[in-house]
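Comments concern the structure below.
Quick caveat: nothing in here was measured; it's all calculated off a predicted structure. Just so it is clear: chains get the letters A, B, ... in the order the sequence lines come, proteins before strands, and each one is counted from 1.
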Amino acid sequence: MSERQQKKAGDDRVHEVLSEAENFHLRDCPAADPFQRAGSMLLDFILAFLLGSGVDHAGNAFYTHLINLPLTLSFSKSLPDTKLVSFLVENAGTITRVAAIGSKISFLIFAFGWLVNRFGGSPAQLLVGLKVVDEKSGKTLEINQALFRQLSLVVTFPLSPLAFFRKDRRTAHDLLTESSVRKVHGVR
Amino acid sequence: MILMVPISPEVPVSHKPKWWPSVLMVLTIQLAFVATYPTLQADNRYVESVQFVLEKNMVAESEVQEQANALLSKRPLLKISPSRADWDIERLIYGNFVHGTITHLALNTIGILAGFRICTSFIPFLCALSIFLLGGSFGLFASMFLTKQFSTYIPHVGASAGIFALMGTYYVYNFRYRTTYFFWFPSRKAGLTSLRTSWFFFVDVFLLELILSTAQFFPERLDSVDHIAHVVGFVSGLGLAFMLRSAQRWPGFLQTRAEFLYWRFFITPKTLGQQVKPEADRLELMYQAWIDLLQINRYNDQLKIRLCRTLSSHIKYFSADKIENAFRYFGPTFVRIHTHELGSVVSALFANHKKIPQRWLQRCPYDNLIQVAKVLSKDPHGKEYLLEFVNEYKKAQAHRPELSKKLTVLIDRLVEALPAHDNKQISK
């Protein structure tokens with residue numbers, strides 16, 4: 001191994017040691033208060049609702065553009081593909097609905113899941129100083145773990161109050177994905 | 001963002017917004033509504049009668065618009081508000097104070113209350129009022145000429161373009177700082193939380209407005225809300241605020257009006273320039289300037305960054321007392337957001353054989369230690385001091401046995417991971 005490679009390997013080891021220390025610290029942080037979790041879930045729901053409403057409005061605007069496409073293109077100097085334009089105008093409603101539903105599902109599952117993987121929590125959880133970590137290692141969740149957690153949250157949502165009755169403050173989707181939510185800000 | 005209500009910039013209590021500018025403006029628009037109510041009622045009756053006449057006369061479709069325009073050009077509301085075919089500067093400004101319905105008034109009252117309250121914390125009331133009027137007028141003007149509408153005699157009214165102009169103003173002055181928001185459920189800080197303005201403040205509203213505005217270019221409108229006026233008002237507010245800030249010569253690293261006034265009257269750029277000799281005196285003045293400004297506003301991260309840079313590049317000129325005084329301002333939130341800046345100071349301290357203030361190490365949370373250690377490990381010079389830094393932290397936390405155990409394990413693992421020549425510090 002060259003000196004440069006050795007140096008890089010050394011740097012990686014140091015970074016690994018520090019990351020592990022951080023993960024163990026997160027694992028040892030206290031479990032998030034169920035009321036705070038409920039509050040952050042409510043805020044996430046409202047954020048998702050607002051974004052969903054935004055998607056609906058965007059969909060309506062998109063629909064308006066689609067049905068007025070012949071008018072817009074009549075100002076264009078290039079000749080439009082009339083078959084494509086007719087298809088778009090005739091199916092404007094369906095296209096808009098599919099796009100809106102697809103966007104909402106994508107956001108709910110994939111965007112939130114990606115945020116949990118990348119930053120360690122949903123927007124509201126991060127705002128109030130909570131983090132979603134792996135129960136054993138304290139690491140942030142892998143992407144498939146995070147996506148599965150989001151999906152199981154949607155499915156097992158009625159079982160969420162379980163956190164109030166368990167000592168470890170975990171709910172059904174935490175147990176299914178071997179994760180937990182920790183309070184990390186304000187902890188020394 | 002229903003649950004998140006912007007309260008004020010994250011500033012000391014003495015700099016928090018006052019109520020009187022917003023109350024004054026709210027009273028003004030409400031009085032304006034009361035004064036224009038008879039005109040609004042007369043206008044509603046007139047428009048209804050025009051509709052009745054057009055329907056009764058069974059006018060041909062091709063002539064409807066012409067006849068409607070002829071009749072609508074005489075509507076009462078045009079005496080106090082502008083329309084595309086009939087406007088002037090005076091009515092364009094009046095239009096900011098006229099509201100069509102009580103609902104319209106109520107919604108804009110909330111916006112004016114929030115907008116003026118927040119903006120007058122960093123600019124004088126007259127400047128905020130000017131931006132409101134100019135930005136609002138630009139928004140109404142753009143809306144009059146860009147919106148597709150049935151008749152050219154439809155009046156454009158409302159304060160919302162001006163409110164969006166105030167939003168834009170807040171963005172220009174506070175983009176790099178934090179805003180305190182109110183959550184409607186209890187949290188650690190009793191329902192308040194501070195967020196980076198650039199991440200959250202009105203972005204969602206503005207993006208939504210951009211999307212909705214595009215639909216206004218087509219004859220079939222989505223709703224009766226004037227989205228073009230909102231967007232143009234916002235952009236006008238941005239532009240006007242930039243111009244004002246440039247005219248004031250407001251440096252980008254100052255947040256509150258108090259800091260700006262102190263800077264303008266007591267700290268001149270010349271005292272921080274190259275003219276001051278020797279170097280030690282210049283650095284002393286610079287250091288003192290940052291400390292004085294931080295005493296006015298201890299939440300200003302831009303000042304803390306400059307203080308960090310002054311310390312890290314000239315650490316040998318500063319005594320232990322001065323370093324300790326500076327570290328008082330480097331709290332956990334600053335360290336989390338600007339870890340690199342603090343990392344360079346720590347590295348400079350060790351390189352010049354100076355100590356990190358004990359009190360700061362005692363207050364420093366464990367996650368801050370790890371973040372700073374990661375920064376040191378990436379820096380070729382900082383890596384030499386990584387173990388010493390963790391060791392100093394461990395000494396400062398000696399009164400906490402559990403944490404000390406954790407740190408001992410961490411030190412042992414770092415000793416194994418680091419190359420031999422980087423371990424020299426721990427043996428001292």
For this session: Evaluate the criterion salt bridge (Lys or Arg N to Asp or Glu O under 4.0 Å) for residue pair A:Glu22 and B:Lys374; output intermediate values, then yes/no.
Result: CA-CA 10 Å; A:Glu22 190 176 24; B:Lys374 278 183 176 176; 2.6 Å; yes

Problem set entry | Nearest heavy atoms of B:Ile370 and A:Leu18, plus distance in Å | CG2-O, 3.6 Å

For this session: Would you indicate whether A:Phe164, at its atom CZ, is surrounded by more than 12 heavy atoms from other residues, nucleotides or ligands within a distance under 6.0 Å?
Result: yes

For this session: Count the heavy atoms of every other residue, nucleotide or ligand shown that sit under 6.0 Å from CD of A:Glu142, and state whether that count exceeds 12.
Result: no

For this session: To the nearest 0.5 Å, tell me how far B:Leu410 CG sits from A:Phe24 CZ.
Result: 11.0 Å

Seminar exercise, completed: Rounding to 0.5 Å, atoms CZ (A:Arg13) and CZ (B:Arg413) come to a distance of 11.5 Å

Problem set entry | Portion of A:Glu20 that has a non-hydrogen atom of chain B nearer than 4.5 angstrom | side chain

Exercise. Just wondering, do B:Lys406 and A:Asp28 contact through their side chains at under 4.5 Å, heavy atoms?
Worked result: yes

For this session: Please examine the side chains of B:Asp367 and A:His25, heavy atoms only from C-beta on, and report whether any two atoms are closer than 4.5 Å.
Result: yes

Problem set entry | Qualifying salt bridge (charged side-chain N to carboxylate O under 4.0 Å, His left out) pairs, either residue in residues 98-123 of chain A, two or more places apart | A:Asp56-A:Lys104

Exercise. Does atom CZ of A:Phe45 have more than 12 heavy-atom neighbours, drawn from other residues, nucleotides or ligands, at distances under 6.0 Å?
Worked result: no

Problem set entry | Of all pairs that satisfy salt bridge (charged side-chain N to carboxylate O under 4.0 Å, His left out), the ones with a partner from residues 29-42 of chain A, not counting sequence neighbours | A:Arg37-A:Asp174

Exercise. Going by heavy atoms in the side chains, are B:Leu418 and A:Val17 under 4.5 Å from each other?
Worked result: no

For this session: Measure B:Leu369 against the heavy atoms of chain A and call it side chain, backbone, both or neither at under 4.5 Å.
Result: neither

Problem set entry | More than 12 heavy atoms of other groups within 6.0 Å of A:Arg166 CZ | yes

